[in-house]
Q: 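Quick one: the structure is below, questions incoming.
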Amino acid sequence: MKKLFYRMALLCVAFAMLVLNSCSGSDYLNAIPANSSAIISIDMQKMADNNHLGDKAGVLKSLLHVDDVSECGIDISDKLYLFETADGNLGICAKVSDEGDLEDWLNQLAKDQHICTPVSKKKDFYFSVLKNSWVMGFSDQALLVVGPVVADAQAELQRQMVRFLKADDEHGIKSSSMFERLESITSPMAMVAQAQALPEKFIAPFTLGAPKDADASQVVIAAEMSIQKGMLRIKGETFSFNQEIDAALQKAAESYRPIKGKYIMSMPDDAMAGIFMNVDGNKFLPMMQSNKGIQQLLMGINAAIDMDNIIRSVNGDMAIVMPSFSDSDLKMTMAAQLAHSKWLTDVGYWKQSCPKGSSIADWGKNAYYYSDGKTSFYFGVSDDHQFYSGSDELLASYSIKPSNHPISADIRKEINGQKLAMVINLSKTGTDGDVMSAVSSLLNPIFGNLTSIVYTLK
């Protein structure tokens with residue numbers, strides 16, 4: 001279940017393309033699968049009222065590219081929902097105002113624009129395929145757009161969607177605890193998602209504090225979402241429907257202290273992502289030790305360097321910045337304010353006990369580098385007790401220095417004073433930037449020019 005926001009953006013644009021060249025209550029929600037791993041609600045009326053996207057007509061034109069929505073048979077006066085199914089498909093659910101108008105409109109699109117197939121009937125429901133990838137199914141209450149899927153898988157997806165469209169209050173999303181939590185969030189845009197539905201490389205901050213044997217599906221993020229100055233702002237909290245896991249997550253949240261901003265200026269504006277916090281290392285270490293994502297990030301380094309001892313010495317702001325984060329090119333820096341640097345006396349032992357094929361050598365005053373032929377890690381302690389490190393010499397040197405081109409003042413303002421913050425750069429260029437640029441360009445038709453995602457912990 002990779003790149004939730006990227007794929008949600010794809011789905012939004014696919015839905016927008018549906019109406020690009022065109023013009024009951026809550027029963028429609030039953031069509032959303034009860035076991036969905038992520039749900040996002042968009043209240044278009046509230047977004048308009050709160051000036052998130054301008055007036056309501058402007059919102060509809062931005063999302064649907066149509067002047068008169070009533071001609072389409074789709075009712076946008078109720079919330080629009082995005083969801084991810086348990087098997088990884090993405091979906092949109094919208095309320096249908098007139099089944100006949102929707103059928104006529106889709107058939108006209110198929111005839112004039114060729115962006116979807118003519119409507120066909122299956123098991124009392126109507127289906128069409130948008131842009132060869134997105135299966136649309138609708139009843140007199142709900143419209144579902146689900147995908148993307150290849151042609152060979154579309155028949156099976158239609159059979160699934162028949163079950164979705166048949167669901168009642170007991171079998172649809174309204175019966176789920178996740179939906180109940182979603183509806184308790186008053187923000188015009190809200191999200192409730194299992195951690196497993198998020199991009200795999202960015203799960204770690206959300207699962208910090210969970211027991212080591214906890215599955216990512218058991219950790220849930222509930223968040224308010226808004227758009228401001230090019231940022232998708234997500235202010236959320238992690239919890240679990242499992243009492244034991246939830247207690248551990250809430251206890252962990254108490255260990256975060258307000259970020260003072262010491263390393264915010266150190267994140268360049270072209271870096272892929274950054275994680276910021278302020279912690280007492282003695283309390284934070286157990287959280288890191290039980291976190292699979294962070295342990296994977298430090299894999300190899302831990303074999304020769306006692307990172308646990310280093311983390312214990314942290315007391316203050318800490319930042320992990322990833323200039324790039326592809327499987328083939330992982331680069332990272334870590335900076336932290338230390339209470340002491342007593343572990344420097346152990347470096348001599350680390351040198352002698354390095355695994356075969358690896359070594360630790362001097363790099364500078366109280367500075368060293370580790371190499372095993374594949375992985376390099378430079379680290380050291382400054383005169384004022386700051387830990388600096390990175391996957392190469394240059395990155396390590398600049399991990400505690402202000403960047404010549406830091407992240408924007410607006411983003412820095414969002415981070416400062418928060419308990420935990422994560423920044424994802426949507427305008428990143430390069431290997432990962434192709435994906436992140438795509439996210440930005442796909443979200444732009446709906447939300448304007450987005451440049452970043454900023455998550456902060458409540």
Q: In terms of side-chain geometry, is the basic nitrogen of Lys229 or Asp410 positioned less than 4.0 Å from the acidic oxygen of its partner?
A: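 Between Asp410 and Lys229 there is a salt bridge, with a charged N closer than 4.0 Å to a carboxylate O.
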Q: Check side chain to side chain donor-acceptor pair (under 3.5 Å) between Asp215 and all other residues, then give those that pass, not counting sequence neighbours.
A: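 Per chain and number, Asp215 pairs via side chain to side chain donor-acceptor pair (under 3.5 Å) with Ser217.
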Q: Run the salt-bridge test on Glu183 and Lys79 with the 4.0 Å N-O cut-off and return the result as yes or no.
A: yes
Q: Arg159: which residues meet the side chain to side chain donor-acceptor pair (under 3.5 Å) condition with it, sequence neighbours left out?
A: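 Applying side chain to side chain donor-acceptor pair (under 3.5 Å) to Arg159 gives Glu156.
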Q: Please check if the side chain of Ser389 supplies one atom and the backbone of Met334 the other of a donor-acceptor pair under 3.5 Å.
A: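 Indeed, once roles are kept as given, a pair shorter than 3.5 Å links the two residues.
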Q: Could you work out, with side chain to side chain donor-acceptor pair (under 3.5 Å) as the rule, every residue matching Tyr455, not counting sequence neighbours?
A: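 Partners of Tyr455 under the side chain to side chain donor-acceptor pair (under 3.5 Å) test: none.
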Q: Scan for ring pair (Phe, Tyr, Trp, His ring centres under 6.0 Å) pairs involving residues 216-253, sequence neighbours excluded, and state none if there are none.
A: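 Only Phe239-Phe241 qualify under ring pair (Phe, Tyr, Trp, His ring centres under 6.0 Å).
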Q: Do Asp78 and Lys95 meet the salt-bridge criterion of a basic N to acidic O distance under 4.0 Å?
A: yes
Q: Can you list everything that forms a ring-ring contact (aromatic ring centres under 6.0 Å, His included) with Phe284? Sequence neighbours excluded, please.
A: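 None.
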Q: Looking at Glu180, I'd like to know if its CD atom is crowded, meaning that more than 12 non-hydrogen atoms belonging to other residues, nucleotides or ligands lie closer than 6.0 Å.
A: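 Open: at most 12 neighbouring heavy atoms sit under 6.0 Å from CD of Glu180.
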Q: Scan residues 236-252 for pairs that pass salt bridge (charged side-chain N to carboxylate O under 4.0 Å, His left out), counting only residues two or more places apart or in two chains.
A: Arg181-Glu237
Q: In this structure, which one of Thr451, Ile227, Leu426 forms a side-chain contact (heavy atoms from CB on, under 4.5 Å) with Leu232?
A: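 For Leu232, the side-chain contact (heavy atoms from CB on, under 4.5 Å) check succeeds only for Ile227.
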